[in-house]
Amino acid sequence: DQQVKQNSPSLSVQEGRISILNCDYTNSMFDYFLWYKKYPAEGPTFLISISSIKDKNEDGRFTVFLNKSAKHLSLHIVPSQPGDSAVYFCAASGEGTGKLIFGQGTTLQVKP
Amino acid sequence: DTEVTQTPKHLVMGMTNKKSLKCEQHMGHRAMYWYKQKAKKPPELMFVYSYEKLSINESVPSRFSPECPNSSLLNLHLHALQPEDSALYLCASSPAPGGILKYNSPLHFGNGTRLTVT
């Protein structure tokens with residue numbers, strides 16, 4: 001049973017445009033959501049997170065939106081840059097555990 | 001540069017070998033984690049250590065044996081592995097007290113050890 005889902009395996013956008021990566025979850029007990037970026041041959045790098053008590057968190061070009069009723073979150077990157085090309089993982093945690101559950105990942109390609 | 005350092009970067013071992021993966025962090029984090037990532041799959045949790053004590057074991061086979069000698073070091077001892085254990089092994093740390101993830105306590109990952117079992 002996949003509790004965190006990223007239904008788009010890949011996304012391609014033009015440099016300067018907006019990239020929108022989506023993530024759905026099934027466990028209503030999740031209260032902490034994170035986005036990680038991963039380059040080949042490197043570990044995941046933390047990008048941005050959001051608590052379940054908020055619906056938006058912004059950090060520079062990155063904004064995460066949370067819709068609790070729909071159990072959906074998204075990551076917006078504006079403007080997109082070629083260096084943003086990587087695999088993006090959505091992750092969630094909750095129920096007072098040390099477990100971080102990852103989605104399958106979305107490969108973002110930003111074309112110059 | 002990552003603040004979580006993992007060695008070696010690559011490891012090839014036979015099924016009868018014994019080897020160890022090492023992880024070090026100097027961020028003062030008291031929670032450390034081992035994750036396993038197969039190709040084109042998300043990272044999967046194996047173990048969580050909090051204050052140098054094992055707090056979570058995700059039903060990992062005993063051929064994987066974790067060890068936390070002190071708050072900065074985390075080892076993963078490998079013995080009698082199978083070819084299907086070939087994967088990227090990721091270490092992470094977190095400032096989360098007790099290893100329980102809360103807002104503003106994200107996991108910080110190392111670059112991993114690429115393990116191949118022949």
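Just so it is clear: chains get the letters A, B, ... in the order the sequence lines come, proteins before strands, and each one is counted from 1.
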Please indicate whether [X] has more than 12 foreign heavy atoms, meaning atoms of other residues, nucleotides or ligands, lying under 6.0 Å from its [atom1].
{"X": "B:Lys38", "atom1": "NZ", "answer": "yes"}
{"X": "B:Glu44", "atom1": "CD", "answer": "no"}
{"X": "B:Arg63", "atom1": "CZ", "answer": "yes"}

With the 4.5 Å side-chain cut-off for hydrophobic clustering, are [X] and [Y] part of the same group?
{"X": "B:Leu54", "Y": "B:Tyr89", "answer": "yes"}
{"X": "A:Trp35", "Y": "A:Phe65", "answer": "no"}
{"X": "A:Val13", "Y": "A:Ile77", "answer": "yes"}
{"X": "B:Met15", "Y": "B:Leu76", "answer": "yes"}
{"X": "A:Ile20", "Y": "A:Tyr88", "answer": "no"}

Need one label for [X]: side chain, backbone, both or neither, based on atoms under 4.5 Å from any heavy atom in chain B.
{"X": "A:Ala41", "result": "backbone"}
{"X": "A:Leu34", "result": "side chain"}
{"X": "A:Ile53", "result": "neither"}

Should [X] and [Y] count as side-chain neighbours, where that means a heavy-atom distance under 4.5 Å?
{"X": "B:Glu58", "Y": "A:Lys99", "answer": "yes"}
{"X": "B:Tyr35", "Y": "A:Pro44", "answer": "no"}
{"X": "B:Phe109", "Y": "A:Phe46", "answer": "no"}

Please round to the nearest 0.5 Å and tell me the distance separating atom OG1 of A:Thr107 and atom NZ of B:Lys40.
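The NZ atom of B:Lys40 is 7.0 Å from OG1 of A:Thr107, to the nearest 0.5 Å.
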In Å, rounded to the nearest 0.5 Å, how long is the span from CD of A:Glu42 to CG of B:Leu88?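 Between A:Glu42 CD and B:Leu88 CG, I get 11.0 Å after rounding to 0.5 Å.
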- request: Name the region of B:Gln37, side chain, backbone, both or neither, that has any atom closer than 4.5 Å to a heavy atom of chain A.
  value: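 Only the side chain of B:Gln37 comes within 4.5 Å of chain A.
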What heavy-atom pair brings B:Leu90 and A:Gly43 nearest, and what distance separates the two atoms?
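The answer is CD2-CA, 3.8 Å.
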Please report the C-alpha distance between A:Tyr36 and B:Leu107 in whole Å, then the side-chain angles of each, then the deciding distance to 0.1 Å, and finally whether the side chain to side chain contact (heavy atoms under 4.5 Å, CB included) criterion is met.
CA-CA 10 Å; A:Tyr36 282 84; B:Leu107 265 61; 3.3 Å; yes
Chain A: which of B:Cys91, B:Gly112, B:Ser105 shares the most heavy-atom pairs with it under 4.5 Å?
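Option with the top pair count is B:Ser105.
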